[in-house]
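So the structure is just underneath, and the comments pick up after that.
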Amino acid sequence: MTMRNALVYTLLVLSAAVMLFPIGYAFSISLMDGGEVLKGNLIPEEPSLANYVAAFDRIPLLTYLVNSLVVALLVMVGQVVLSSLAAFAFVFIDFKGKALIFMLFLATMMVPWEATMVPNFLTVQSLGWLNSVWGLSVPFFALAFGTFLLRQQFKTIPHEMYEASQIAGISRFRFFWNVVLPVSKTPLVTLSVYSFLTTWNMYLWPLLVTNTEQARTVQIGIKQMQSNEIASDWGVVMAAVVMIIIPTLLLLFAGQKQLQEGLTQGAIK
Amino acid sequence: MTVTLPRQRVKARLSDAVSGLLYLSPSIALFGIFLVYPLLRTIYLSFFRTDTQGTPLEFVGLGHYASLFMSATFWQSVQATVGFVALTVPLTILVALGLALLANEKLRGIGIFRTAFSATMGMSVAASSVIWMFMYNPSIGIFNRFLEAIGASGVQWLLDPQYALLSVSLATVWMNIGFTFLILLGGLQNIDRALYESADIAGTGYWTQLRAITIPMLSPTLFFVGIISLINAFQTFGQIDLLTKGGPMNSTNVIVYAIYKDAFINYNVGGASAQAVLLFVTVLLLTWLQFKLVERKVHYQ
């Protein structure tokens, strides 16, 4: 090994240790009993899963997990369907005003969502969607970033194929369904991973539109936990934290490569 | 296909427009209901005194804006927001860039490090905040334990107005590194290897290559990351709600938290709307300004 490589490895290991420390620390605390946490140990002397049992016992963690899963899957499907339909229109159908509509789609990315949350809350309330998965998911179905990402991919499909299918009398929708979607698996996966991650991790909106235990998502569950008496029981809190980060960490590790390529493509081209 | 009759052509074009809009209609409808309408409604409400349910009662013109500019709390929240942006955005990009450069080396086992550096992208703001809250705990948290171990006295990280914004910012930098790292690494991998090969042949050193090839070629990605980070920083909410609730003494009361408190705790919907409009205009201006400023310096491939 050259001196240079040794230096790079040293820096890599140190950086990884710093970046991963909070996650490892949380995991370690989740295996300790209360006394050990107070002693300030870094590594549990007698690791135990008691905190995990307690987390499911004392708060409806399972309900929260199911709610988050349902909402994240709904938004994922909604965003993928709506984005791919819109991207298809932008790439394959020619009509007046298309460029303008595309500009407007891009402009939506500049509206900070928080600036619209008050009327959105009132809309969802008047629809009777408070404490429902619809209120948590439908407002996020339209996604300019997703449309943009898929449009980049659809543009690589030769236009001659589309024209040939038109001449052969194949309907637009069949072309979309049987040709465009199957060759676009990678960006569709990227978008799905992105949608799932961001929705699962959403905080402010679920805080506004849910106020019952049956409707809450995991992120709000964690807030509840932290703000009531369980808060002093750090082991249990950390067990819940570990439970809610595992699904997204696994998904991230599995989809990291696609995500990186997709996000970069969306960023540059 | 060359001999299409005019009428047929008009018909075809019309049907193109209809089906084009058909494919776009779900997105357009939802953008209309959950983005355009609420944006206009927010602007409208910012000119009215409302009841607690947001029903406009009385036109007050620029009254809400005037009272905001007179209010010390509002200026504190502007200060907190600007401070937060300044503390988080440059540091996040710098650290993520350093990590991306390291992780772009062609070494055995580099995949493990890439995964480690992007990990925080999979962590929710809520979960991360709870972990940092524990690390900042004055009696059992790791930071004060460390300070005590080296003989210094502990710090009230989240309760001392001098440190609270800094503490929240540090936690935020950690949370945002994963996403920023992932995009920058992608940008680095898109740079043509041939550029480095010819530089190697010419005998140019690492730092010169970094300055002459990597940074210029990465500039579109850096530009994108800069805008996204800036906008994200202005939208920060979760870590404030969990770690400090805007305190102590409003030192971390960033704009989105202030809007949330005004609208959903104080039921001052008009005032919250005026702040939301200011947030919107700020983000718009900054995006535009950054485009103008960086456009000329960015090197597009």
Side-chain angles (χ1 to χ4, degrees), chain A residues 5 8 11-12 15-16 19-20 22-23 25-26 37-38 40 82 85-86 88-89 93-96 98 101 108 110-112 114-116 118-120 122-123 139 141-142 147 172 197 201 203-204 208 219 222-223 226 234 237 241 244-245 248-249 251-253 256 259-261 263-264 267-268, chain B residues 16-17 19-20 23-24 26-27 30-31 34-35 38-39 41-42 54 99 102 105 107 113 115-119 121-127 130-132 134-135 140 142 145 182-183 185-187 190 220-221 224 231 234-235 237-238 242 256 259 263-264 269 272-273 276 279-280 283-284 287:
Chain A
N5 281 359
V8 173
L11 288 174
L12 280 167
S15 319
M19 282 302 289
L20 292 180
I23 306 175
Y25 194 34
V37 176
L38 290 179
L82 264 63
L85 285 173
F88 180 76
I93 309 176
D94 282 311
F95 56 94
K96 237 183 161 179
K98 187 165 90 165
I101 299 180
T108 65
M110 282 179 217
V111 180
E114 291 75 8
T116 62
V118 176
N120 272 336
L122 298 171
T123 303
F141 280 3
T147 308
R172 265 200 191 105
L197 280 181
N201 293 340
Y203 182 75
L204 177 50
L208 298 183
Q219 312 302 335
I222 267 272
K223 178 203 165 77
Q226 190 214 28
W234 281 102
V237 175
V241 164
I244 75 169
I245 62 175
T248 42
L249 280 182
L251 188 65
L252 177 77
F253 296 159
Q256 184 206 336
L259 207 58
Q260 178 199 321
E261 280 163 16
L263 290 175
T264 318
I268 296 169
Chain B
D16 272 354
S19 60
Y23 279 87
L24 289 172
S27 290
L30 286 176
F31 276 140
F34 294 110
L35 196 117
L39 188 62
R41 183 79 183 165
T42 301
L99 294 177
L102 281 174
E105 294 285 329
L107 291 174
F113 295 103
T115 304
F117 297 159
S118 59
M121 197 193 160
M123 305 271 299
S124 70
V125 167
V130 171
I131 297 176
W132 280 81
F134 181 71
M135 296 205 293
I140 51 176
I142 187 89
R145 293 219 160 236
L182 215 51
I183 292 185
L185 180 64
N190 276 354
T221 317
F224 170 80
I231 295 177
F234 272 95
Q235 292 171 286
F237 175 84
L242 284 154
V256 173
I259 297 174
F264 295 99
V269 176
S273 300
L279 168 70
F280 170 61
V283 167
L284 212 60
T287 315

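Below, read A as the first sequence line, B as the second, and so on, with proteins coming before strands; counting in each chain starts at 1.
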Looking at B:Gly122, B:Ala272, B:Ser273, which one has more heavy-atom pairs under 4.5 Å with chain A than the rest? B:Gly122
Contacting region of A:Ile93 [heavy-atom separation from chain B under 4.5 Å]: side chain
For the atom pair CD1 (A:Ile101) and CZ (B:Phe31), what is the distance rounded to the nearest 0.5 Å? 12.0 Å
Residue B:Phe113 versus chain A: region with a heavy atom under 4.5 Å: side chain
I'd like to verify something: which residue of B:Ala276, B:Ala126, B:Pro38 has the highest number of heavy-atom pairs under 4.5 Å with chain A? B:Pro38
Between B:Val125, B:Val269, B:Val256, which residue shows the highest count of heavy-atom pairs closer than 4.5 Å to chain A? B:Val256
Candidate pair A:Arg172 and B:Asp16, rule salt bridge (charged side-chain N to carboxylate O under 4.0 Å, His left out), full reasoning: CA-CA 10 Å; A:Arg172 265 200 191 105; B:Asp16 272 354; 2.3 Å; yes
Checked A:Ala16, A:Ala26, A:Pro112 vs chain B; the most non-hydrogen pairs under 4.5 Å come from A:Pro112
Heavy-atom proximity to chain A below 4.5 Å, by part of B:Val130: both
Sort A:Lys223 into side chain, backbone, both or neither according to what part of it lies under 4.5 angstrom from a heavy atom of chain B. both
For the residue pair B:Leu242 and A:Tyr203, establish whether any side-chain heavy-atom pair is separated by less than 4.5 Å. yes
Let me know if A:Leu122 has heavy atoms under 4.5 Å from chain B in its side chain, its backbone, both or neither. side chain
With only heavy atoms counted, which part of B:Gln235 is less than 4.5 Å from chain A, the side chain, the backbone, both or neither? both
Side chain from CB out, backbone as N, CA, C, O: work out which of these in A:Leu249 comes under 4.5 Å of a heavy atom of chain B, or both, or neither. both
Side chain, backbone, both or neither of A:Thr108 within contact of chain B (heavy atoms, under 4.5 Å): both
Just verifying a value: how many Å separate B:Ser118 OG and A:Phe253 CZ, rounded to the nearest 0.5 Å? 6.5 Å
Among the options B:Ala119, B:Gly238, B:Ala263, pick out the one with the most heavy-atom pairs lying under 4.5 Å from chain A. B:Ala119
A:Leu208 portion near chain B, given a 4.5 angstrom heavy-atom threshold: side chain
Would you say the side-chain atoms of A:Thr123 pair up with the backbone N or O of B:Phe34, donor to acceptor, closer than 3.5 Å? no
Please state whether the side chain, the backbone, both or neither of B:Leu107 comes within less than 4.5 Å of a heavy atom of chain A. both
Interchain contact, A:Ile244 with chain B, by part (heavy-atom threshold 4.5 Å): side chain
Under a 4.5 Å heavy-atom cut-off, does chain A meet the side chain of B:Phe134, its backbone, both or neither? both
